[in-house]
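Worksheet for the structure shown next.
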Amino acid sequence: MMMALLIVGLLASAAVLSFAGPLRAARSRDAIDQLRNADDLARRAATRQGRGAKLEFDLTSGTIARFEANHRQTPDYQISLPQGFRIEEIRLGNESVYADRATVSFSAAGWSNSYALHLIGPKFQKWLVFAGLSGQMTQFDDASEFDAMLAK
């Protein structure tokens with residue numbers, strides 16, 4: 001009976017370990033997709049209304065809020081990063097933002113300054129760089145790759 005329980009315990013722990021990696025990867029993709037969608041929705045809202053929009057990143061709570069042209073006090077759209085994920089640093093152009101909040105503004109044409117987000121999660125760390133004119137997102141593993149791109 002003890003051997004049977006030991007074997008069942010070993011099989012159960014092996015199953016849990018085999019699902020941990022793919023689950024962590026899926027949560028990482030989800031966090032990246034949420035940030036990409038927030039940028040895309042802000043650009044679309046700005047062009048749809050022809051008056052601009054802004055994204056506000058709250059590094060403390062891990063939320064991203066979109067405010068449309070009228071810039072009301074309450075956001076038109078808000079998301080939270082998946083549990084365990086946070087934005088560690090934001091760079092607007094070449095400057096790092098060392099505050100609890102950072103704002104990216106979008107013109108009526110849907111353009112913004114280029115910006116980068118340092119996304120950190122369980123066994124995950126990436127720089128996500130958003131091009132100001134197109135909104136195209138590029139991923140980098142560390143800041144030196146990002147800095148090299150800016151130097152070009």
Side-chain angles (χ1 to χ4, degrees), residues 12-13 15-152:
S13 63
V16 166
L17 290 175
S18 70
F19 286 116
L23 182 60
R24 193 170 33 250
R27 290 183 66 218
S28 301
R29 282 191 305 273
D30 183 39
I32 291 170
D33 287 344
Q34 284 185 352
L35 292 167
R36 183 180 302 161
N37 288 337
D39 180 87
D40 185 51
L41 289 172
R43 290 175 193 280
R44 288 181 189 203
T47 57
R48 181 181 64 240
Q49 293 195 0
R51 290 186 272 160
K54 69 178 182 176
L55 281 180
E56 186 175 277
F57 297 89
D58 186 334
L59 279 60
T60 306
S61 67
T63 59
I64 299 99
R66 183 190 76 220
F67 297 86
E68 292 186 11
N70 55 11
H71 302 297
R72 298 182 303 223
Q73 294 297 323
T74 54
D76 298 293
Y77 173 82
Q78 185 168 330
I79 60 167
S80 295
L81 292 172
Q83 186 176 359
F85 285 84
R86 71 185 194 288
I87 297 172
E88 178 75 15
E89 181 181 349
I90 296 178
R91 291 191 185 179
L92 301 172
N94 290 333
E95 296 183 27
S96 292
V97 175
Y98 296 104
D100 293 340
R101 292 179 184 265
T103 301
V104 176
S105 296
F106 297 86
S107 72
W111 300 344
S112 70
N113 289 328
S114 295
Y115 65 98
L117 307 172
H118 189 197
L119 181 64
I120 295 180
K123 295 187 180 182
F124 178 85
Q125 180 171 260
K126 292 276 186 192
W127 279 93
L128 308 176
V129 181
F130 292 87
L133 293 177
S134 66
Q136 180 180 350
M137 187 196 76
T138 306
Q139 296 181 37
F140 294 101
D141 291 326
D142 59 42
S144 63
E145 294 177 43
F146 170 61
D147 292 334
M149 181 194 78
L150 287 178
K152 292 181 182 181

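Values below: all heavy atoms of this structure, side chains included; hydrogens, waters and symmetry mates excluded.
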Legend entry - Mutual orientation of the aromatic rings belonging to Phe130 and Tyr115 [parallel < 30°, tilted 30-60°, perpendicular > 60°]: parallel

Inset, instruction - Would you name the heavy atoms of Ser105 and Ser112 that are closest together and state the gap between them? - result: O-CB, 3.2 Å

Inset, instruction - Return yes when atom CD of Glu88 has more than 12 non-hydrogen atoms of other residues, nucleotides or ligands closer than 6.0 Å, and no otherwise. - result: yes

Legend entry - Heavy-atom side-chain proximity of Leu81 to Leu119 below 4.5 angstrom: yes

Legend entry - side-chain contact (heavy atoms from CB on, under 4.5 Å) evaluation trace for Asp100 with Thr60: CA-CA 6 Å; Asp100 293 340; Thr60 306; 3.5 Å; yes

Inset, instruction - Grab the two heavy atoms, one from Glu68 and one from Ala45, that are nearest each other, plus how far apart they are. - result: OE2-CB, 3.7 Å

Legend entry - From Ser107 atom OG to Lys54 atom NZ, the distance as rounded to the nearest 0.5 Å: 15.5 Å

Legend entry - Shortest non-hydrogen contact between Ala53 and Ala46, atoms and distance: N-CB, 3.9 Å

Inset, instruction - Could you walk me through whether Val104 and Ile90 pass side-chain contact (heavy atoms from CB on, under 4.5 Å), step by step? - result: CA-CA 10 Å; Val104 176; Ile90 296 178; 5.5 Å; no

Legend entry - Approximate separation, where rounding is to 0.5 Å, of Arg86 CZ and Leu117 CG: 13.5 Å

Inset, instruction - Find the distance between CH2 (Trp127) and CD (Glu89) and round it off to the nearest 0.5 Å. - result: 3.5 Å

Legend entry - Residue pair Gly110 / Thr47: nearest heavy atoms and the distance that separates them: N-CG2, 3.5 Å

Legend entry - Nearest atoms (heavy-atom pairs only) where Pro122 meets Gly84: CD-O, 3.5 Å

Legend entry - Criterion side chain to side chain contact (heavy atoms under 4.5 Å, CB included) against Asp58, the qualifying member of Ile87, Ile64, Thr63: Thr63

Legend entry - Interatomic distance, Phe106 atom CZ to Leu55 atom CG [nearest 0.5 angstrom]: 4.5 Å

Inset, instruction - Rounded to the nearest 0.5 Å, what's the gap from CZ on Phe85 to CD on Gln34? Could you check? - result: 10.0 Å

Legend entry - Crowding at CG, Asn113 (>12 non-hydrogen neighbours, <6.0 Å): no

Legend entry - Arg66 versus Ala42, closest heavy-atom pair with distance: CD-CA, 3.6 Å

Legend entry - Which residues share a side-chain contact (heavy atoms from CB on, under 4.5 Å) with Leu133, sequence neighbours left out: Trp111

Legend entry - CD (Gln83) with more than 12 external heavy atoms under 6.0 Å: no

Legend entry - Arg44 atom CZ, over 12 foreign heavy atoms within 6.0 Å: no

Legend entry - Residues Asp33, Arg29: salt bridge by 4.0 Å N-O rule: no

Inset, instruction - Go through the steps for Lys126 and Asp141 under the test side-chain contact (heavy atoms from CB on, under 4.5 Å), then give the verdict. - result: CA-CA 5 Å; Lys126 292 276 186 192; Asp141 291 326; 2.5 Å; yes

Inset, instruction - Go through the steps for Leu35 and Phe57 under the test side-chain contact (heavy atoms from CB on, under 4.5 Å), then give the verdict. - result: CA-CA 10 Å; Leu35 292 167; Phe57 297 89; 4.2 Å; yes

Legend entry - Interatomic distance, Ser28 atom OG to Gln139 atom CD [nearest 0.5 angstrom]: 9.5 Å

Legend entry - Contacts of type salt bridge (Lys or Arg N to Asp or Glu O under 4.0 Å), residue Asp30, not counting sequence neighbours: none

